[in-house]
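Everything on this sheet refers to the single structure shown next.
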Protein chains: 2
Amino acid sequence: MVSYQAIEPDQAVNENLKAKRMPQPAPEPLRPIRRNEIRQQNEQLILQAAEKVFAEAGFGGATMQLIADVAGLPKANLHYYFTTKEELYRKVVSNIFDIWLHAAESMDNAPGPVEGIGAYIDAKMEISRRHPDGSKVWASEVMHGAPVIQDYLETTLRDWTAGRVALIQGWIDAGQMAAVNPDHLLYMLWAATQHYADFGHQIETLNGGPLTDRQWAEAKDSVKAMILRGIGAA
Amino acid sequence: MVSYQAIEPDQAVNENLKAKRMPQPAPEPLRPIRRNEIRQQNEQLILQAAEKVFAEAGFGGATMQLIADVAGLPKANLHYYFTTKEELYRKVVSNIFDIWLHAAESMDNAPGPVEGIGAYIDAKMEISRRHPDGSKVWASEVMHGAPVIQDYLETTLRDWTAGRVALIQGWIDAGQMAAVNPDHLLYMLWAATQHYADFGHQIETLNGGPLTDRQWAEAKDSVKAMILRGIGAA
DNA sequence: CTGATAGCTGACCATACGGTCAGGAAAAGA
DNA sequence: TCTTTTCCTGACCGTATGGTCAGCTATCAG
């Protein structure tokens with residue numbers, strides 16, 4: 001079996017659990033544990049660990065035990081918050097989808113393609129840099145036929161896409177850019193930006209290490225320059 | 001657990017096995033079974049089934065039993081030809097890598113970027129169309145940190161990339177295209193073309209069905225037009 | 001024809017997995 | 001204080017998985 005690099009369970013440990021297991025010298029801990037917060041905090045902790053593990057191993061390769069170790073919680077505790085592995089996975093994917101949709105708003109209310117598509121590329125490149133795991137989970141899900149989020153594709157994404165296609169067509173009709181096929185332009189935008197997350201390991205290997213701030217800026221500029229020139233908007 | 005669509009085991013059945021299990025009316029079957037051929041044939045059969053299953057379920061989600069069913073062979077027979085799941089997977093990935101490298105030759109011996117990069121896009125789009133499973137397996141492997149083909153990335157791919165970067169730089173120096181960053185141009189080429197395989201399901205969903213011949217042609221033209229214009233070569 | 005060898009496979013095994021549950025601990029409410 | 005509710009978890013279970021192996025059959029060289 002392929003041995004994915006082991007993740008140190010102690011990398012992320014619930015601070016509250018730590019505190020609980022040792023005598024507390026202070027009569028009142030600085031952050032009193034309120035019930036409401038516990039649930040929110042642990043769910044977040046589990047979701048973060050799950051995103052990492054799902055991205056690294058895929059749905060089939062990920063194990064609840066490993067997610068639990070990364071989160072620093074007993075496995076049974078995961079099943080207390082998320083009944084099944086699929087329910088946890090579904091929540092992870094849906095979170096990512098929300099981030100994406102939110103970032104997509106940057107395209108609207110722009111006077112033209114240079115600003116609109118430029119801002120969209122900026123936003124998507126930033127997501128690739130800050131949420132590479134999320135991007136990978138999404139990519140993995142779609143590659144496997146979207147067994148879990150097919151309905152999202154057919155409703156939300158479809159509607160969003162139709163709206164942006166109309167937006168782009170409007171720019172074309174107004175002579176603000178070349179008459180490219182809007183669908184394929186969107187595909188290229190998604191592909192070019194998400195590539196830096198999904199294939200980040202390949203890029204880092206070729207680059208001889210993680211991209212520096214300067215290199216990320218150059219990546220962003222390169223993508224923007226090529227695409228904007230490619231659609232005759234620059 | 002996510003239920004990936006079941007694959008009908010009988011979709012691909014070894015014709016020789018079929019023949020063996022039923023009385024042969026003809027004294028000499030048209031294709032006599034030679035020992036040499038059996039090995040080659042079955043290995044090919046298993047590799048094809050494996051590529052399909054690995055692409056659909058990922059390494060962790062794929063099972064030897066399912067691969068065996070798709071290949072129409074008993075599971076134990078798989079282990080006769082490929083000792084471990086990882087060995088089989090490694091062979092699948094390495095086969096894909098070879099196809100990619102071979103297609104990459106289309107970029108060489110071109111008088112300029114229009115012909116060279118145009119031909120490369122053509123070749124890669126054709127691979128995305130004809131070998132989508134292979135592309136997905138590669139993507140999955142890289143996304144998971146390339147646990148199996150890291151050495152390929154560091155040697156073969158690195159060398160190939162360096163060569164093409166020099167080639168592109170030569171075109172830039174000769175004034176045949178704009179002064180784009182060659183590395184990021186390569187990333188965009190990979191991203192834009194492989195997207196049609198890796199995210200094929202998403203594209204098909206948005207498209208309301210598989211791309212037609214005409215739509216594939218338009219996709220190819222769109223990618224070529226945008227990129228070639230984007231690098232100032234058209 | 002005969003021994004040797006490659007191809008084949010049902011039955012089996014140890015392990016690891018997702019998920020369950022009884023029961024304890026801690027906080028909130030009364 | 002007592003009761004209720006939420007939180008927590010070690011131990012356990014049925015199942016499915018990757019892999020093995022003894023023993024069979026089919027081919028081939030001599």
Side-chain angles (χ1 to χ4, degrees), chain A residues 1-4 6 9 13-14 16-21 23-24 28-29 31-46 50 53-54 57-69 71-90, chain B residues 1-4 6 13-14 16-24 28-29 31-46 50 53-54 57-69 71-90:
Chain A
M1 189 181 292
V2 175
S3 60
Y4 299 101
V13 175
N14 189 338
N16 278 331
L17 285 180
K18 256 190 189 167
K20 267 186 221 163
R21 279 169 187 153
Q24 299 173 355
E28 282 190 6
R31 258 220 278 168
I33 304 166
R34 282 184 294 142
R35 274 259 192 86
N36 244 345
E37 282 184 3
I38 289 181
R39 179 160 213 106
Q40 209 172 353
Q41 207 172 75
N42 280 342
E43 279 183 358
Q44 204 55 35
L45 201 63
I46 294 168
V53 174
F54 281 135
F59 179 84
T63 69
M64 293 298 272
Q65 186 61 61
L66 184 54
I67 296 174
D69 289 346
L73 297 171
K75 194 187 68 165
N77 208 353
L78 264 68
H79 282 100
Y80 172 72
Y81 287 105
F82 302 91
T83 313
T84 65
K85 185 183 175 184
E86 182 173 346
E87 184 189 326
L88 174 56
Y89 175 76
R90 192 185 292 268
Chain B
M1 188 181 291
V2 175
S3 61
Y4 297 102
V13 175
N14 188 335
N16 278 330
L17 283 180
K18 258 188 187 168
K20 267 188 223 163
R21 279 168 188 155
M22 55 181 65
Q24 300 171 355
E28 281 191 9
R31 260 219 279 165
I33 305 164
R34 282 184 292 141
R35 274 253 195 90
N36 242 346
E37 282 183 3
I38 289 181
R39 179 159 213 108
Q40 209 174 352
Q41 207 173 73
N42 280 343
E43 278 183 357
Q44 204 55 35
L45 201 64
I46 293 168
V53 174
F54 281 134
F59 180 84
T63 69
M64 294 298 272
Q65 186 60 62
L66 184 54
I67 295 173
D69 289 346
L73 296 172
K75 194 187 69 166
N77 206 353
L78 263 68
H79 282 99
Y80 172 72
Y81 287 105
F82 301 91
T83 313
T84 66
K85 185 184 176 184
E86 182 174 347
E87 184 189 325
L88 174 56
Y89 176 75
R90 191 185 293 268

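Proteins come first, then strands; the chains are lettered A, B, ... in the order of their sequence lines, and each starts at number 1.
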Is there a side-chain polar atom (N or O) of [X] under 4.0 Å from OP1 or OP2 of [N]?
{"X": "B:Y81", "N": "C:dC8", "result": "yes"}
{"X": "A:R39", "N": "D:dC7", "result": "yes"}
{"X": "A:N77", "N": "D:dG10", "result": "no"}

Gap between atoms [atom1] and [atom2], on [X] and [N] respectively (whole Å):
{"X": "B:Q65", "N": "C:dA11", "atom1": "CD", "atom2": "P", "value": "13 Å"}
{"X": "B:L78", "N": "D:dT17", "atom1": "CG", "atom2": "C1'", "value": "14 Å"}
{"X": "A:H79", "N": "C:dG18", "atom1": "NE2", "atom2": "C1'", "value": "5 Å"}
{"X": "B:L88", "N": "D:dG18", "atom1": "CG", "atom2": "P", "value": "11 Å"}
{"X": "B:E37", "N": "C:dG7", "atom1": "CD", "atom2": "C1'", "value": "15 Å"}
{"X": "B:E87", "N": "D:dG18", "atom1": "CD", "atom2": "C1'", "value": "14 Å"}
{"X": "A:D69", "N": "C:dG18", "atom1": "CG", "atom2": "P", "value": "12 Å"}
{"X": "A:K85", "N": "C:dT20", "atom1": "NZ", "atom2": "P", "value": "14 Å"}

Nearest-0.5 Å distance, CG of residue A:L73 to NE2 of residue A:H79: 13.0 Å

Using the side-chain heavy atoms of [X], tell me which of these nucleotides is nearest: [options].
{"X": "A:T63", "options": "C:dC17, D:dG18, D:dT20", "result": "C:dC17"}
{"X": "B:I38", "options": "D:dG18, D:dC8, C:dC8", "result": "C:dC8"}
{"X": "B:T84", "options": "D:dC8, C:dT9, D:dG19", "result": "D:dG19"}

Sugar-phosphate, base or nothing in reach of B:F82, heavy atoms under 4.0 Å: nothing

Sugar-phosphate, base or nothing in reach of B:A62, heavy atoms under 4.0 Å: sugar-phosphate

Crowding at CD, B:Q40 (>12 non-hydrogen neighbours, <6.0 Å): no

hbond_proxy A:K75 side chain to C:dG18 base (donor-acceptor, 3.5 Å cutoff): yes

Nearest atoms (heavy-atom pairs only) where A:K85 meets A:G60: NZ-O, 4.0 Å

Closest non-hydrogen atom pair, A:Y81 against A:E43: CD2-CG, 3.8 Å

Closest-nucleotide ordering on DNA chain D, the 5'-leading residue of A:Y80 and A:A76: A:Y80

Parallel, tilted or perpendicular, as decided by the 30° and 60° cut-offs, for the rings of B:F54 and B:Y89: perpendicular

